[in-house]
Protein chains: 2
Amino acid sequence: MDNINIKVLAKELNISTSTISRAFNGSPDINKDTKEKILAFAREHNFLPNHYASNLRDKKSRTLAVIVPEIANDFFAQAINGIEEIARKKGFYILLYRTDDVFDKEVSFINYLNNGKADGIIMSVSGEANDHNYLRKLEQKNIPVVFFDRVYEDIEAAKVITNDYESSFDATEHLIDTGCKKIAYLVVNKSISIGQVRMQGYIDALKKHDIPFVDELVIDCSNDEKINYGILKKALEEIKPDGIFSSVERLAFGTYYVCNDLGIDIPRDLKVISFSSLNIAPLLCPALSTITQPAFEMGSKAATLLFEELEKKGVNIQKKEHVLKSKIFIRKSSGG
Amino acid sequence: MDNINIKVLAKELNISTSTISRAFNGSPDINKDTKEKILAFAREHNFLPNHYASNLRDKKSRTLAVIVPEIANDFFAQAINGIEEIARKKGFYILLYRTDDVFDKEVSFINYLNNGKADGIIMSVSGEANDHNYLRKLEQKNIPVVFFDRVYEDIEAAKVITNDYESSFDATEHLIDTGCKKIAYLVVNKSISIGQVRMQGYIDALKKHDIPFVDELVIDCSNDEKINYGILKKALEEIKPDGIFSSVERLAFGTYYVCNDLGIDIPRDLKVISFSSLNIAPLLCPALSTITQPAFEMGSKAATLLFEELEKKGVNIQKKEHVLKSKIFIRKSSGG
DNA sequence: TTGATGTACGCAACCGATTACTGCAAATGG
DNA sequence: CCATTTGCAGTAATCGGTTGCGTACATCAA
């Protein structure tokens, strides 16, 4: 009773195991009545085919691996929802892994996935500019990868990104339009590609308005909130910017905390705009101006592309960048 | 080259497959040198034992299923982090499933898990007061379940909860202390146990201070933000409470939006306190008073209990309620 | 020298499903 | 009426590891 399997069923019903298997897999080679009898009996005995056995045979796990730097983050949480939505429709499940932005964790998980634990991978990378060859192993095993938001340029794969350069340019220009002369750029890891692209938008907007780019105004932060508080406090006290363009939501929050403590008035003394997927940005004090990425849509797009690859509908999947547009919401924090 | 497996390795190294298997599983029956030679060769050829084959044999998937109503939610996202932290240490991975508070989805996923896809389950239930016997099937298969936050009373299992009654009592009393006479209780699903417990705290606090409980002040909301906006607006306009105790974070946000639009001043006209895991609650306008559950710790505690059950360290695992305490943060929204 | 103990490894059955191949009866066609 | 196709089901090999059992050889004590 404990270990019910296809053989037990077969004996019980006086039918071969192959017929039972066919009942579960929509095979045309089975009589309708037989099939119903089997399924009814199976339901009654709470039986479903063991997935490990099935997967061992046909090498399909019906599972997607999702790799993200963080989970407790509005952007990624919404993106995961988007992925899940599509996966669910396809009858797939999600294996979730968080890298904490640590390259080694990413590598170890990818290596683990080499064994067919998942049929495909959707990831937002930790971003370190290391050797990315470990990802190439996946190709050998025919496990497709789709990147979203944070991608590796040197790996050929479908990529879902936003118009970061443009948004950054526009956001910076917006700050300039409101009168800012000394705009700081907040970033967590200057060296990763997404930080670079956003910074370029910032730099080019400055250039357009003949504001010299000063290296000192690029504030490179960490993943530790306490350390960031110190960095931001020092920057606001010593460099005294009149505008902040934050490439990361958390750093905008850090800025708010520091301003509260230092008595800096946003937006009077300092205008702030930030990349953020926080849906209660209007409720902040003051309401935060945001560049909001279509997180949910990015997730569902990434999943859709992955399924196209898995199902190989077309001849070839477009292993290119798919750009979804962010929206800029001007609110009080930048004088809106 | 494509399909490397234990047999190919065996032939290549002129060693039996059993020895190779032993090299990977910390068996004592293997020579150190042999083991190293095998592991080195395997590494070189990018080989790891196939999980589906292993699992098929020993019925262990090294995977935990995590079932939550929502993902893009501060509480659950943090709890998932807590679960992940422990799981990672044990070398386990996480299969994530979102129920959207829909009972049927919960049931279908649980049924799917019946087949050894996961070794154990951590869940926060959708909460509908239906027949929960589908969970009993898991016992037959020896798949342990740990509940957290939202539990089914009628299922025997380890449960990680917070002191909701007490917190609710204290929060309500706090509102009374600040002078509120007409406190509304916001809830999403009045009938589920967690909503009940919190309401009881609210009711008893009123009673203690001789404030009559009025049914009209229990505002039953939905999962749809737009509908909630309407419900809350109507409530604030018609019933005109002077205090809000929200059992769900989202509803506090909804209240803020409605107050913004109606020109109701928080905390002057209306004092608000809410269950919430939002870590930027101090940055809201005004700073939101919160009852904050130890989300991360609840997750890690739940995972720890599950592993105790899986490893059967003790004779018997405590299938009882484990209560972690929430913290109340009084901020400006309730006159703090 | 002999029997006991331990180490390291191989053999082969096994986990539970899938499916190519085969077989048989009934249906269909000319 | 015979040949061919079709529908349905069974046999057995297979997916890729794991492990109980058996054994060869080394070591050691008496």
Side-chain angles (χ1 to χ4, degrees), chain A residues 1-39 41-42 45-63 112-117 119 141-143, chain B residues 1-39 41-42 45-63 112-117 119 141-143:
Chain A
M1 192 49 56
D2 192 17
N3 287 331
I4 187 162
N5 60 33
I6 215 171
K7 265 181 210 157
V8 176
L9 272 200
K11 199 165 291 174
E12 212 75 29
L13 286 166
N14 206 25
I15 275 181
S16 79
T17 59
S18 39
T19 303
I20 301 207
S21 175
R22 284 191 266 259
F24 281 97
N25 296 311
S27 161
D29 286 356
I30 187 171
N31 182 285
K32 219 180 171 189
D33 294 342
T34 315
K35 180 172 177 173
E36 270 171 26
K37 192 175 68 183
I38 293 173
L39 292 182
F41 191 84
H45 290 71
N46 186 28
F47 169 82
L48 281 178
N50 178 298
H51 285 274
Y52 289 104
S54 313
N55 297 335
L56 179 58
R57 262 298 296 229
D58 63 8
K59 315 282 184 74
K60 290 290 160 247
S61 65
R62 301 191 79 71
T63 302
Y112 167 75
L113 290 174
N114 255 319
N115 295 291
K117 182 84 187 181
D119 295 341
K141 309 262 178 176
N142 275 319
I143 303 175
Chain B
M1 189 53 54
D2 192 18
N3 287 330
I4 187 162
N5 61 33
I6 216 171
K7 267 179 208 158
V8 176
L9 272 200
K11 199 164 292 174
E12 212 77 28
L13 286 166
N14 206 24
I15 274 180
S16 79
T17 60
S18 36
T19 303
I20 302 206
S21 175
R22 283 190 267 259
F24 280 98
N25 296 312
S27 160
D29 285 356
I30 188 172
N31 181 285
K32 219 180 171 188
D33 295 342
T34 315
K35 180 171 178 174
E36 272 170 24
K37 192 175 67 182
I38 293 173
L39 292 183
F41 192 84
H45 290 71
N46 187 28
F47 170 81
L48 280 177
N50 178 298
H51 284 274
Y52 289 104
S54 313
N55 297 335
L56 179 57
R57 259 303 295 234
D58 63 9
K59 316 281 184 75
K60 289 290 161 247
S61 65
R62 301 192 79 70
T63 301
Y112 166 76
L113 290 174
N114 255 320
N115 295 290
K117 183 84 185 179
D119 295 342
K141 309 264 178 175
N142 276 318
I143 302 175

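Here is how names work: the chains are called A, B, and so on, in the same order as the sequence lines, proteins then strands, and each is numbered from 1. In what follows, every heavy atom counts, from backbone to side chain, and hydrogens, waters and symmetry copies are set aside.
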> Between CG of A:Asp29 and OG1 of A:Thr34, what distance do you get to the nearest 0.5 Å?
Replying inline: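 Between atom CG of A:Asp29 and atom OG1 of A:Thr34 there are 12.0 Å.
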> To the nearest 0.5 Å, how far apart are CG in B:Asp119 and OG1 in B:Thr63?
Replying inline: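 Reported value, rounded in 0.5 Å steps: 6.5 Å.
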Return no unless some side-chain N or O of [X] is found under 4.0 Å from OP1 or OP2 of [N].
X: B:Asn25; N: D:dT18; result: yes
X: B:Asn50; N: D:dG16; result: no
X: A:Thr19; N: D:dA9; result: no
X: A:Lys59; N: D:dG16; result: yes

Please report, rounded to the nearest Å, how far the [atom2] atom of [N] is from the [atom1] atom of [X].
X: A:Phe24; N: C:dA17; atom1: CZ; atom2: P; answer: 9 Å
X: A:Ile20; N: D:dG10; atom1: CD1; atom2: P; answer: 9 Å
X: A:Leu9; N: C:dG16; atom1: CG; atom2: C1'; answer: 12 Å
X: B:Asp58; N: C:dG16; atom1: CG; atom2: C1'; answer: 14 Å
X: B:Asp33; N: C:dT7; atom1: CG; atom2: P; answer: 15 Å

> Is there a donor-acceptor pair under 3.5 Å between the side chain of B:Ser27 and the backbone N or O of B:Ala23?
Replying inline: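 The answer is no, because no donor-acceptor pair under 3.5 Å joins these two groups.
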Go through [options] for me and flag the one nearest to the [X] side chain.
X: B:Arg22; options: D:dT19, D:dT18, D:dG10; answer: D:dT19
X: B:Thr17; options: C:dC15, D:dG17, C:dA12; answer: C:dA12
X: B:Ser54; options: C:dC11, C:dG16, D:dG17; answer: D:dG17

>> Using a 4.0 Å heavy-atom cut-off, does A:Ser27 contact any base of the nucleic acid, only the sugar-phosphate backbone, or nothing at all?
In response: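 Nothing, no nucleic acid heavy atom in range.
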>> On DNA chain C, compare the nucleotides closest to B:Asn14 and B:Leu56; which residue's is nearer the 5' end?
In response: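 Upstream on the strand: B:Asn14.
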> Which sits closer to the 5' end of DNA chain C, B:Asp29 or B:Ala53, going by the nucleotide each is nearest to?
Replying inline: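 Final value for this comparison: B:Asp29.
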> Mind checking whether B:Tyr112 and A:His51 have parallel, tilted or perpendicular rings, split at 30° and 60°?
Replying inline: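 Geometry flag for A:His51 against B:Tyr112: perpendicular rings.
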